[in-house]
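It should be emphasised that the depicted structure is a prediction, and the values quoted were computed from it without experimental measurement. Every chain is numbered from 1 and lettered A, B, ... according to where its sequence line falls, protein lines coming before strand lines.
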Protein chains: 2
Amino acid sequence: MANSRIVPVEVMKNFIQNIMIKLNVHPLHAENLADVLVTGDYRGHFSHGLNRIELYIKDIQQGTCKKDGMPKILKETSATAWVDGNALLGPVVGKFCMELAIKKAKESGVGWVVAKGSNHFGIAGYYSMMALSHKLLGMSFTNASPLLAPTRSKEPFFGTNPISLSAPSSSKNDDFVLDMATSVVALGKVELAHRKEEKIPHGWAIDKDGKTTDDPANYHALLPLGGPENSSGYKGYGLATLVEIFTSILGGSAMAPNVRNWTENHIEANL
Amino acid sequence: MANSRIVPVEVMKNFIQNIMIKLNVHPLHAENLADVLVTGDYRGHFSHGLNRIELYIKDIQQGTCKKDGMPKILKETSATAWVDGNALLGPVVGKFCMELAIKKAKESGVGWVVAKGSNHFGIAGYYSMMALSHKLLGMSFTNASPLLAPTRSKEPFFGTNPISLSAPSSSKNDDFVLDMATSVVALGKVELAHRKEEKIPHGWAIDKDGKTTDDPANYHALLPLGGPENSSGYKGYGLATLVEIFTSILGGSAMAPNVRNWTENHIEANL
C-alpha cells in the first residue's frame, strides 16, 4: 500500500496506553485495553483494533466508562461466578472474568463466569485464548449493540454476538482459535465495500424493506449466519440468541435491542 | 395426506420398545430409545425418529451396539466427568451423561460431561431439554458420520455435528430450545427434494467436483452453515470443529472422517 508504514507492536501498545493515561485511566486498565486492541489488529480483526479507539475515548470522556475501580463478584459457586463490571473498560472486566474462570476450571474442572456492567471488550478471541497457556479450553461470548435482524424481521435486534473457542494443541503454534460473529459478516465488511463502491453478495444484508440487497448503500441490517431463511439463516438467529442467553440474560445486563447504539456514548453500554 | 393415520404417542413408544425387547435389549434401554425417537418425531425432526429404527436394529443385530450393561465414569471432578458408554444405545449413554451433568450442576453451578463409546443418540435437543425441569440451562453436542465438507474441500469430513441449548422460561410452555445441525441443512432435506424431483437452493450441497449444485441427484456432500465461502461457510466449518472438539477430541472417541458411515453397522460407531 502506498505510504503504508510498519509500526512495532510495542509502539502501538504504548500509543494506546498513553492516550488512556492522558484521560486519567488507571495505568493497568490502559495497558489491558492496549493489549486487547493491538492483539485484535495483529490477528487481522482491524474492525476491533486501533480503529475503535474513538469509542473508548468518548466513553471515558462522557463518564459512562469508569477510569478506575475493580469488578466485583456478586455471587459464586465452586465452578461459576456472577460479576458486576462496575462500568469499567471491557478488557478490564473481560480479563477479570476469564482469570476467575481459569482459576475455577483448575479447581473444579470447568469455570463459567458471567458479567453485567461491562463495556465493549474488543475481540472475543482475546479472552478464550487466555486459557491456552494454562492448557485449558477457553470460551468467550458477548452481546453488543443491535445490528442483526432476526429471520422474518427487518429491524436490527441482536448485536453481532460473537462465539469464541480456543483449544490448546500439543504442537507449538498449532492451537485452534474460533472467533466469529453470529451474523453472516461484520458490519466493517459492508462499510468497506461501500467505500470501494463494490457490490456485496446477496445474503449479507437487508434494506429498509427487509429485502436482501447487493448494494451496500442500501444497508439497513445484517443477516444472521446462514443468510436468508432458505439457506438456514434461522440457525444464525438461534446462535445469536444462544449468545444473548449466555450474556445479557444470565448476567442481567442490557438485552438485545435495549443495548445502546454505537454512537450513544452518553448512555452506559452495560454489556 | 391420503391414507395418513394419527397414532397415539404411547402406541408408538410401545411399538419401538417392543422391537428392542424382542432383540433382547434391556427393557429400560428399550424404553430410553423409544422415548428419544418418539420425542424426535413429535417435535418434527422426522429424520431422527421412527425412520431411523432400522439403524438401531442392525447395530443390535450385528452386536456393535450392546443390549445390556451400564456406562462407566472413567474420571471426574466436582463439575466434570469422562464417561465410557460401553457401546450401549446412544439414548442410554446420553441420558446417563445428562443426569450426571445435572447432578454436578446442582452441586457446583455447572456440570460438563463427555463420553466415548456411544452410539447414535437421536435428537440432541432431547438431552438439553432434560435440564429444563430442573430449571437449569442444558447443552448437548454430538459428532456423527461424515457428511459435511469443510470450506475449500470436496469430501465429507465432519458429521452434521449438532449444537443444542435449552433454557427454561418463567412462563409455562415458553422454554427456549435450539437444536441445529452445523451443516446448512440436514441430509434428509436433500433426499426429500430428490424424491419430489425438486431443485435445492444453491449453497446447500456440493457435487463430486466440489461445486455447489441445485440438483439433489448430484449431491456429494453438505456444506457447513453459511454455505459457500463468500457467505461465510467457514463459520459453520468452525462450529462443526467446535462440536468435534467437545465430543470426539475431549472424549477420545472416533473422530470426524474416522467415524463409520451410516451403513457400516458391523463397525462400532464409538461416538
Chain A contact via B:Leu178 - side chain, backbone, both or neither, heavy atoms under 4.5 Å:
side chain
Given that the side chain runs from C-beta out, which part of A:Lys75 has a heavy atom under 4.5 Å from chain B: side chain, backbone, both or neither?
neither
Pairs of heavy atoms under 4.5 Å with chain B: top-ranked of A:Ser78, A:Gly109, A:Ser108, A:Ala79
A:Ser108
Is there a donor-acceptor pair closer than 3.5 Å between any side-chain N or O of B:Lys235 and the backbone N or O of A:Val184?
yes
Under 4.5 Å to a heavy atom of chain B? For A:Leu137 that would be side chain
Turns out that what part of A:Ala181 lies under 4.5 Å from chain B's heavy atoms comes down to both
Distance in Å, B:Ser232 OG paired with A:Leu223 CG, rounded so as to fall on 0.5 Å steps
11.0 Å
As an exercise, state the distance from OG of A:Ser231 to CD1 of B:Ile200, rounded to the nearest 0.5 Å.
12.5 Å
Which region of B:Ile249, side chain (C-beta onward) or backbone (N, CA, C, O), has a non-hydrogen atom less than 4.5 Å from a non-hydrogen atom of chain A, or is it both or neither?
neither
Under the criterion side-chain contact (heavy atoms from CB on, under 4.5 Å), which of B:Thr241, B:Ile245, B:Leu239 is the partner of A:Leu165?
B:Ile245
What distance separates B:Phe176 CZ from A:Glu244 CD, expressed to the nearest 0.5 Å?
11.0 Å
I'd like to know whether NZ of A:Lys135 has more than 12 heavy-atom contacts from other residues, nucleotides or ligands below 6.0 angstrom.
yes
For A:Gly226 and B:Leu225, the nearest pair of non-hydrogen atoms, with its separation, is CA-CD1, 3.9 Å
